[in-house]
Amino acid sequence: MTMKPFLAHRPVPLLATDASAASSPKDTELGALPEWNLADLYTSMDAPEFQADFAKVESATKSFVTQFKGKLDSLARAADASSRLVEAVKAYEAIDDRIGRILSYAGLVY
């Protein structure tokens, strides 16, 4: 799945740097303000890692649905219930972590 970027990747200021936008005289004394460095998440929305994470989320979600949808009650009653439920929770957490990374990046770019 190829996603088209909805915004060009560019550094986003944390606070207004324009003195007219400052809320108090003290704000103008701060000097140059830092900018978001999103490279720890993804280098751009076109980055192969960004596209790969979308594909991994799609694949992992389909697998999760196949394995666990409508089956949690029977898993809980199985002889090895604790290990099967732990497996379900770990799979869900892995999906959630990757989606969180994607959404964090998109939100910060926006």
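For this chain, numbers begin at 1 and follow the sequence in order.
- At least one donor-acceptor pair under 3.5 Å links the side chain of T61 to the backbone N or O of V57.
- When the salt bridge (Lys or Arg N to Asp or Glu O under 4.0 Å) test is applied to D40, no partner is found at least two apart in sequence or on another chain.
- For the pair F50 and I102, the tightest heavy-atom approach, listed with the atom from each and the gap, is CE1-CG2, 4.2 Å.
- Checking side-chain atoms of Q51 against main-chain N and O of M45 turns up a donor-acceptor pair under 3.5 Å.
- Judged by distance alone, the side chain of S104 and the main-chain N or O of G100 form a donor-acceptor pair under 3.5 Å.
- Not a single salt bridge (Lys or Arg N to Asp or Glu O under 4.0 Å) links K90 to another residue, sequence neighbours left out.
- Y42 and L103 fall within the same hydrophobic cluster, where Ile, Leu, Val, Met, Phe, Trp and Tyr residues are linked whenever their side-chain heavy atoms come under 4.5 Å apart, directly or through other members.
- Rounding to the nearest 0.5 angstrom, the gap separating the CD1 atom in I95 from the OG atom in S59 is 9.0 Å.
- In this structure, L38 and Y105 approach most closely via the heavy-atom pair CB-CE1, 3.7 Å.
- Residues K62 and V65 have side chains not in contact (no heavy-atom distance under 4.5 Å, counting atoms from C-beta outward).
- Listed here is the closest heavy atom pair of F64 and A88: CE1-O, 3.4 Å.
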Just list the side-chain donor-acceptor pairs under 3.5 Å for residues 67-87, sequence neighbours left out, or say none.
residue	atom	partner	partner atom	Å
Q67	NE2	E87	OE2	3.2
K71	NZ	T66	O	2.8
D73	OD1	R77	NE	3.3
D73	OD1	R77	NH2	3.4
D73	OD2	R77	NE	3.2
S74	OG	K71	O	2.9
S83	OG	D80	O	3.0

